[in-house]
2 protein chains.
Amino acid sequence: MAVDQLSAVFGALADPTRRAILARLTRGDATVAELSAPFAVSQPAISRHLKVLEQAGLISRSRRATARLSHLEAEPLRVVVAWLFDYREYWEESYDRLDGLLASLQDNPAD
Amino acid sequence: MAVDQLSAVFGALADPTRRAILARLTRGDATVAELSAPFAVSQPAISRHLKVLEQAGLISRSRRATARLSHLEAEPLRVVVAWLFDYREYWEESYDRLDGLLASLQDNPAD
DNA sequence: TTCTTTTAGAACCAGTTGGTTAAGAATGCC
DNA sequence: GGCATTCTTAACCAACTGGTTCTAAAAGAA
C-alpha cells in the first residue's frame, strides 16, 4: 500500500468499481451484500475493495448484527481538493470550459 | 493501462514521483534530464513516468533539438474537479475545515 | 559522415493488484 | 448449544507496476 495519504487516496480512486461504491454510498450507508449486488465480481472481491477504501480513509465501517455497514468519509476528498487547489490557475484557466464540463456531466453522473 | 480517463488520471496521480514531476512543470516546461535530476531513480524510469502522464493527458511533449520538453496540461485536472463536484456536499460540509486545510498547506505545498 | 547528446525501448525482475474458490470468524436466532 | 447469515481471510493465479541495465534511435555539431 502507498505510504502517503495522497497516493493511497488517488490509488483507491483509480479503480472504477471503487468509485462506483463511493457513488452508491452517497445515497446512504450500505452492507457488503448491497454493495456487491450491482457488480459481476465475487463478494470477497468487494470486501477487498472496501478494505482499500477504508485504508485510504474514504469509508468507515460499523456493525449491524452480522452485517457491516460502510459509510462515506469526506476528509480524503478534502485532501484531494487541497492538492488540486495548488493547480487552480491551470484548471481555472477557462471557467467556461469547466462550466461546460460540469454541465455535460449533469445528465451523465460520474461512475 | 486503465480504459477510462478517470482511472488513468487517478492512477497517474497515485505515484509521488509523478506528482512531483507535475509540480515541477508548474514552474515551466522541462527536459527529461531536468525532470530526472531531483530523483534517485534512473532516467529510463522517469521516461516511463512521463509516458504514463502523457497517456493520462496530464502532459504533452515537444522537441527542442535532441531534448524533449514536457508541458503540463490542465484538462485532466478539470475532469477530476468535475468528478469531485458530485461529492461537494460532502467535502464542503465544513468550509472551516477546508479553509484550515488549505491554510496549513500554504507553507507546505503538495509534493 | 562521424561523433555527441539526449531520450526511448527492450529485457528482465521483484512486488503489488484484482480476481478466483474454499474455509473460517462473528453475530443473532431457535 | 447448534445453526444461519454475513462477511473476512487464506491460498492461489495472471496481469500489471516500477525499478534496473543495456542498447538503439533521433537530432545537432564537427
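Within every chain, numbering begins at 1; the chains are lettered A, B, ... in the order of the sequence lines, protein sequences first and strands thereafter.
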Please list, chain by chain and in numerical order, all residues satisfying side chain to side chain contact (heavy atoms under 4.5 Å, CB included) with Ala30(A), sequence neighbours excluded.
Arg24(A), Leu25(A), Glu34(A), Leu35(A)
Residues that Arg63(B) engages under side chain to side chain contact (heavy atoms under 4.5 Å, CB included), provided they are two or more places apart:
Arg68(B)
Quiz question: going by heavy-atom distance under 3.5 Å, is there a donor-acceptor pair between the base of dG19(D) and the side chain of Arg48(B)?
yes
Short side-chain N/O contact to dT9(D) OP1/OP2 from Lys51(A), under 4.0 Å
yes
With a cut-off of less than 4.0 Å, is there a side-chain N or O of His49(A) near OP1 or OP2 of dG19(C)?
yes
In residues 60-71 of chain A, what residues come within less than 4.0 Å of DNA chain C, judged by heavy atoms?
Arg63(A), Ala65(A), Thr66(A)
Whole angstroms only, please: what is the [atom1]-[atom2] distance between [X] and [N]?
X: Asp29(A); N: dC7(D); atom1: CG; atom2: P; result: 13 Å
X: Ile21(B); N: dT7(C); atom1: CD1; atom2: P; result: 13 Å
X: Asp15(A); N: dC16(D); atom1: CG; atom2: P; result: 14 Å

Looking at [atom1] of [X] and [atom2] of [Y], how far apart are the two atoms once the value is rounded to the nearest 0.5 Å?
X: Leu13(B); Y: Leu6(A); atom1: CG; atom2: CG; answer: 9.0 Å
X: Trp83(B); Y: Gln5(B); atom1: CH2; atom2: CD; answer: 14.0 Å
X: Asp15(A); Y: Asp4(B); atom1: CG; atom2: CG; answer: 9.0 Å

Could you identify which residues of residues 34-46 of chain A place a heavy atom less than 4.0 Å from some atom of DNA chain D, listed by residue number, or say none?
Gln43(A), Pro44(A)
If you look only at distance, which donor and acceptor atoms sit under 3.5 Å apart when one is on a side chain in residues 43-54 of chain B and the other is two or more places apart or in another chain?
residue  : atom : partner  : partner atom : Å
Gln43(B) : NE2  : Ser47(B) : OG           : 3.0
His49(B) : ND1  : Arg18(B) : NH1          : 3.1

Would His71(A) and Ile59(A) count as a side-chain contact (heavy atoms from CB on, under 4.5 Å) if you check the C-alpha gap in whole Å, the side-chain angles of each, and the deciding distance to 0.1 Å?
CA-CA 5 Å; His71(A) 176 80; Ile59(A) 66 169; over 6 Å; no
Mind checking what makes side-chain hydrogen bond (donor to acceptor under 3.5 Å, both in side chains) contact with Ser60(B), not counting sequence neighbours?
Glu73(B)
